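We count residues from 1, following the sequence as given. Only a predicted model underlies this, so the values are computations on that prediction, with no experimental measurement involved.
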Amino acid sequence: MPDADNDPNKAVIIINRPYAVMAAWSNPTVFDNDKPIGEISNGGMLKWSRSEGTVKLDIWHETRGSHTFPNSEIHAKFDVKNNSVYKFSYGFGGILQPSSLKLEGDQSSKLYLTSVPPGAAVYAGTDLNNLKLTEIITPHTIEFQDRVTMWAPECYKMTLQGYNDSPVVCKSNSFGNRVVYHNFTCPTCPEPPLSELPIRQKNSPNVLIPPAIPE
């Protein structure tokens, strides 16, 4: 559960709300696992610490005990670890546009699917027993943007003629970039940094794209 002491040895969550003239009147309430943390004012910031685990984060504007302006609501679920800081930027939407919640500094989330050698087919699915062949051939990059830039849990496998299949890799729900990499010639070699991965960006409506949270 959240703590009021902002213990740096626990997971620290910070939500910044940039000032916006059109939303000056609204102070939505932030909840961590249904416990109210406080109101976040226009141009304000909330900071709290909590034990590691799963966060069910809810933000809404409340009037007389009832939710108002559904577009202003944010609902996200993600995991946090102790000794880590999670900084978010919250944009209040209101009537005309939906609200947004993004990791600070992240304008988008990208899924990098890459292999050595390139040319591998990619299987993806909600769990290791439901993998389906996609139209993706590595290297492939998919950019995702939404109200909450967060990937849903997803499992992946790569196959390349003449090599053993890659092991199934399952990724938990997460913010930011997601990398799925396999070296067919050296399966035990460490994954190189993102800057050294072969990348090709291509979006196709026919490609299976991992869903976001919330949908």
Side-chain angles (χ1 to χ4, degrees), residues 11 52-57 74-89 98 100-215:
E52 64 181 11
T54 300
V55 177
K56 186 173 77 71
L57 184 68
I74 287 291
H75 306 283
K77 193 174 183 180
F78 55 96
D79 295 329
V80 295
K81 295 182 179 180
N82 289 338
N83 299 299
S84 298
V85 178
Y86 300 83
K87 294 182 179 180
F88 295 94
S89 177
S100 63
L101 180 70
K102 297 183 178 181
L103 274 178
E104 204 163 85
D106 279 9
Q107 298 303 316
S108 64
S109 294
K110 292 183 179 180
L111 169 62
Y112 297 94
L113 297 155
T114 186
S115 67
V116 176
V122 177
Y123 291 74
T126 54
D127 58 65
L128 55 86
N129 296 316
N130 289 287
L131 297 177
K132 295 181 180 180
L133 178 64
T134 71
E135 296 181 4
I136 295 173
I137 300 296
T138 61
H140 193 99
T141 306
I142 298 171
E143 183 172 345
F144 170 77
Q145 291 181 312
D146 207 313
R147 294 175 59 187
V148 180
T149 55
M150 186 174 188
W151 298 105
E154 192 97 59
C155 293
Y156 307 90
K157 184 181 75 171
M158 296 183 184
T159 63
L160 186 62
Q161 187 173 1
Y163 297 91
N164 292 327
D165 294 353
S166 76
V168 176
V169 175
C170 292
K171 302 283 188 177
S172 61
N173 54 312
S174 58
F175 283 95
N177 293 324
R178 170 178 288 183
V179 177
V180 181
Y181 166 85
H182 182 66
N183 189 331
F184 287 93
T185 62
C186 182
T188 59
C189 290
E191 180 179 306
L194 182 59
S195 59
E196 298 179 9
L197 292 176
I199 293 172
R200 178 181 66 204
Q201 185 165 335
K202 179 181 178 183
N203 291 304
S204 169
N206 298 321
V207 170
L208 175 63
I209 299 178
I213 297 179
E215 294 182 346

J.: Could I get the full list of ring-ring contact (aromatic ring centres under 6.0 Å, His included) partners for Y86, not counting sequence neighbours?
T.: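 Expected list: none.
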J.: Considering only distance and modelled atom types, tabulate donor-acceptor pairs under 3.5 Å from the side chains of residues 119-129, sequence neighbours left out.
T.:
from: D127; atom 1: OD1; to: N129; atom 2: N; distance (Å): 2.9
from: D127; atom 1: OD1; to: N130; atom 2: N; distance (Å): 3.2
from: D127; atom 1: OD1; to: N130; atom 2: ND2; distance (Å): 2.8
from: D127; atom 1: OD2; to: N130; atom 2: ND2; distance (Å): 3.0

J.: Any idea which heavy atoms bring T138 and S115 closest together, and the distance?
T.: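 That would be OG1-OG, 2.7 Å.
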J.: Holding to side-chain hydrogen bond (donor to acceptor under 3.5 Å, both in side chains), I want the full list of residues that pass it with D79, two or more places apart in sequence or in another chain.
T.: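 With neighbours one apart ignored, the set is T54.
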J.: Taking only residues at least two apart or on different chains, which pairs with a member in residues 179-193 satisfy salt bridge (Lys or Arg N to Asp or Glu O under 4.0 Å)?
T.: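 Found none.
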J.: Taking side-chain hydrogen bond (donor to acceptor under 3.5 Å, both in side chains) as the test, write out the residues that go with T185, two or more places apart.
T.: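 Scan of T185 (side-chain hydrogen bond (donor to acceptor under 3.5 Å, both in side chains), adjacent residues dropped) gives N183.
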J.: Distance check, rounded to the nearest 0.5 Å: C189 atom SG versus H182 atom NE2?
T.: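 Taking SG in C189 and NE2 in H182, the distance rounds to 10.0 Å.
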J.: Looking at I136, is its backbone amide N or carbonyl O close enough to the side chain of T134 to form a donor-acceptor pair, meaning the two atoms are under 3.5 Å apart?
T.: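 Looks like yes, one N/O pair under 3.5 Å.
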J.: Between N164 and T159, is there a side-chain heavy-atom distance shorter than 4.5 Å?
T.: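 They are not in side-chain contact.
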J.: Do P117 and Y163 have side chains that get closer than 4.5 Å, going by heavy atoms?
T.: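 The answer is yes; the side chains approach within 4.5 Å.
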J.: Would you find a donor on one side and an acceptor on the other, under 3.5 Å apart, between the side chain of S166 and the backbone of M158?
T.: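 Judged by distance alone, yes, a pair lies under 3.5 Å.
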J.: Mind checking what makes side-chain hydrogen bond (donor to acceptor under 3.5 Å, both in side chains) contact with K87, not counting sequence neighbours?
T.: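 Counting only residues at least two positions away or on another chain, K87 forms no side-chain hydrogen bond (donor to acceptor under 3.5 Å, both in side chains).
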J.: Going by the rule side-chain contact (heavy atoms from CB on, under 4.5 Å), which residues pair with P193 if we only count those two or more places apart in sequence or in a different chain?
T.: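 side-chain contact (heavy atoms from CB on, under 4.5 Å) list for P193, sorted by chain: S195, E196.
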J.: Could you tell me whether the side chain of E52 and the main chain of K81 form a donor-acceptor pair under 3.5 Å?
T.: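 Judged by distance alone, no pair lies under 3.5 Å.
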J.: Applying salt bridge (Lys or Arg N to Asp or Glu O under 4.0 Å), which residue pairs with at least one partner in residues 161-177 are found, sequence neighbours left out?
T.: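 Qualifying pairs, neighbours excluded: K157-D165.
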J.: Taking the six-membered ring for Trp, is the centroid-to-centroid distance between Y181 and Y156 below 6.0 Å?
T.: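 Centroid distance Y181-Y156: not below 6.0 Å, so no.
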J.: So do the side chains of Y112 and N177 get within less than 4.5 Å of each other, counting heavy atoms only?
T.: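 Y112 reaches N177 side chain to side chain.
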J.: Are side-chain heavy atoms of L113 and T141 found at a separation under 4.5 Å?
T.: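 Heavy-atom side-chain distance check fails, nothing below 4.5 Å.
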